[in-house]
Protein chains: 2
Amino acid sequence: MRGAPAELTERHRDVLRAIIQDYIASAEPVGSRSVARKYGFRLSPATIRNVMADLAELGYLAQPHTSAGRIPTDRGYRIYVDSLMDRHPLTRAQEGMIEKRFCHVQGEVGDLMREATKLLSGLSRSVGVVLAPRVDQLAIRRIEFVQQSAERILVILVTTSGQVHHKMVALDEVIPQEELNKMARLLNAMVEGMSLSRVRQLLVKKMAEEKAMYDELLRQALKLGQKSFAEETEGEVYIDGTTNIMHEPEFADVEKMRAIFVAFEETSKLVKILDQCLGQQGLSLIIGSENVLREWQRLSLVMAPYYSGEQLLGTLGVIGPTRMDYDKIVPLVDFTARLVSRSLTEVAS
Amino acid sequence: MRGAPAELTERHRDVLRAIIQDYIASAEPVGSRSVARKYGFRLSPATIRNVMADLAELGYLAQPHTSAGRIPTDRGYRIYVDSLMDRHPLTRAQEGMIEKRFCHVQGEVGDLMREATKLLSGLSRSVGVVLAPRVDQLAIRRIEFVQQSAERILVILVTTSGQVHHKMVALDEVIPQEELNKMARLLNAMVEGMSLSRVRQLLVKKMAEEKAMYDELLRQALKLGQKSFAEETEGEVYIDGTTNIMHEPEFADVEKMRAIFVAFEETSKLVKILDQCLGQQGLSLIIGSENVLREWQRLSLVMAPYYSGEQLLGTLGVIGPTRMDYDKIVPLVDFTARLVSRSLTEVAS
DNA sequence: GTTAGCACTCTCATTACGTGAGTGCTAAAA
DNA sequence: TTTTAGCACTCACGTAATGAGAGTGCTAAC
């Protein structure tokens, strides 16, 4: 009667790696025999079995039922990605192909995001996601007011990165388009190049300063500006390839699949998860039950941040079943994030 | 040995109606017994069976297998919606609720569309779709050029209905923002209130006229204008509630469901289908195999056009399994289209 | 420490069989 | 002529029995 070993020997690690790779490839519980045979261990199945029993006791492997092989637990995947995985870097050809698809996109930032999403989902055969930059944090290039009806004004905001946002603002007084143009000019001079959040602070300060209100136009402009910039913007996510995961045997059951799709539809929760990744330095990996949200516990996320120059803008990556091909997907996400950063940095300059 | 009757008697119609309604409610083949019992016919099952045999021979009913009840064919549904259906109008309470949700949306057109989509999917428990207005056909309120980088210009287009569209245009010469503003002013004066398609014609004509090109600025402006308005815009669709149809027993099979979802993802095909509906006068109904596209033949569409004043803008409605509750959904779509039209008409005035 | 051997467990595919719902046909009743 | 009762027949579906196969854990020998 032997207890579990205090720590993993090299053999433990080899066996665990083999089992996880086999399971990722086949989606079936893997038995001692096939580990011994396929992975060139010069050991008998019985020995492997002992090792597997240790790994199970330590919580890295589980058994669907007594007479089946082992499957990795989320803890097993975690140790795998942290220290066992052999990353399969992209081939030169793949990299070239990806680069080509990006230089094709000359247009606006939205197109770039969409393209990245498609690329991620296509190459990973899973779900691609991109958390778009928050407008709050982007530098403003231009603001414009267009009168829509007597008391409603369309506010258009252009960022230096080329994103366009618009919203409707209701006013309690009628301002002719002529005046609106003047106000826009005033504000443009004031805010160009600043981030939305800084603009908000500035406006508050200015309004306090101008208490005397010599200039009626300026007063109105500041007021309108404040209304226009008021709301915190919600993060926007691009998502693509949701149908890909229908192939995965783990979602063969319709009820499970429905749960996943409902989760994808609730973008606000997804944004919260992605925001967490944004806080991390570098690549983040969330595996199954590491996620707080119930609906997401059968899924894993591989996310990487992207930048414009030095400025952190958002995060992008892949969502798939916990049994996803980390070897391939981690380099893919990494490379894509780098390319997107490069494109955005070029546009800004 | 009797052949099928030349035309349907009142009894045939009653039985067919009963069968279809029962099948829509239960999703199970319906037998002669239950028709006779549940629907208050004062006839024996045997008599009903004779009627059912007639209806089957005429192609309105089918049998999944010899010893099962009957289910409606697409032809059966067609005659049902054309002449057998009893529409269940919305209750006053429901109408009130819907109206409330719409007056809540004061903002821009996109919000209105999104809200309508959600409403349709929520109340129908199926998939809601809205085909957004083509920019081509809308009157332009304003055009604006923003310099993005040396040779790239962001073109922003505002329609009178309050939609904002933007695209990136590449130039072969550098034009300072100052000049861009002047050009925008020139063009605005020229095109305000016209539809995009008319603007295109106008620009071609003007360019021919101005062959002499006295005015260099005007020449450049026309050229930039032409580039900005060049492309035909693709129809945009809003879609919501796709997860709803996962409940339906006809899609219990994962492979079938996957096919449907892939179809939903291919919006360009969907746009084509919706464009057809746009050509129709009033409400259009496409039932199962009436649709040309293979992937859509298990689904039905109930669509209605919406307007701003007199002008036809787009179409909206519900997609569901052929076995959908037409009695309820037809009035729902009808009412929603009317409300959306009202909202849009108000905004434009 | 490693391995062969073996009894044991559990899933999964196959087969067989009974049940029930529903049909089509025929002949009698209305 | 129309309607109905009666009956044999068909077919899907659920249940149970069976056997093969994969894999395990344990023991004892190497």
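What's counted below: heavy atoms across the whole structure, side chains too, no hydrogens, waters or symmetry copies. Labels below follow one simple rule: chain letters A, B, ... track the order of the sequence lines, proteins then strands, and each chain is numbered from 1.
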* Asked: So does B:Arg49 get a side-chain nitrogen or oxygen closer than 4.0 Å to the phosphate oxygens (OP1/OP2) of C:dA21?
  -> no

* Asked: Does one side chain, of B:Ser121 or B:Asp240, offer a donor that lies under 3.5 Å from an acceptor on the other?
  -> yes

* To do: Mind calculating the distance between NZ (A:Lys38) and C1' (D:dG23) to the nearest angstrom?
  => 14 Å

* **Residue pair B:Asp74, B:Gln297: steps toward the side chain to side chain donor-acceptor pair (under 3.5 Å) verdict** => CA-CA 10 Å; B:Asp74 290 347; B:Gln297 303 203 338; over 6 Å; no

* Structure fact -> The nucleotide from D:dT4, C:dT3, C:dT23 with an atom nearest the side chain of B:Leu43 is D:dT4

* For the residue pair B:Phe264 and B:Trp296, does the interplanar ring angle fall in the parallel (under 30°), tilted (30 to 60°) or perpendicular (over 60°) class? -> perpendicular

* Does a sphere of radius 6.0 Å around CZ in B:Arg125 hold more than 12 heavy atoms from other residues, nucleotides or ligands, not counting ones at 6.0 Å or beyond? -> no

* Could you state the CD1-P distance from A:Ile19 to D:dG23, rounded to the nearest angstrom? -> 12 Å

* Structure fact -> Here the distance between atom P of D:dT4 and atom CD1 of B:Ile48, to the nearest Å, is 9 Å

* To do: Answer yes or no: is there a side-chain heavy-atom contact under 4.5 Å between A:Val237 and A:Val130?
  => no

* Asked: Less than 4.0 Å between a side-chain N and a carboxylate O, is that true for A:Arg323 and A:Glu250?
  -> yes

* To do: Answer yes or no: does a side-chain N or O of A:Thr47 lie under 4.0 Å from OP1 or OP2 of C:dT3?
  => yes

* Asked: For A:Asn50 and D:dA28, what is the distance between atoms CG and C1' respectively, to the nearest whole Å?
  -> 14 Å

* **Steps toward side chain to side chain donor-acceptor pair (under 3.5 Å) verdict (A:Tyr39, A:Ser34)** => CA-CA 8 Å; A:Tyr39 292 85; A:Ser34 53; over 6 Å; no

* Structure fact -> B:Gln63 and B:Ala68 have their tightest heavy-atom pair at NE2-O, 3.6 Å

* **Exceeds 12 heavy-atom contacts within 6.0 angstrom, atom NZ of B:Lys328** => yes

* To the nearest angstrom, how far is A:Phe41 atom CZ from C:dG1 atom C1'? -> 17 Å

* Residues from residues 60-70 of chain A lying under 4.0 Å of DNA chain C - heavy atoms -> A:His65, A:Thr66, A:Ser67

* To do: Output the residues of residues 22-37 of chain B in contact with DNA chain D, where contact means a heavy atom of the residue under 4.0 Å from an atom of the strand; sort by number or write none.
  => none

* To the nearest Å, how far apart are A:Arg11 CZ and C:dG1 P? -> 10 Å

* Once you round it to whole Å, what is the distance between P of D:dC26 and CE of A:Met52? -> 14 Å

* Asked: How close or far is atom P of C:dC10 from atom CD1 of A:Ile71, stated in whole angstroms?
  -> 17 Å

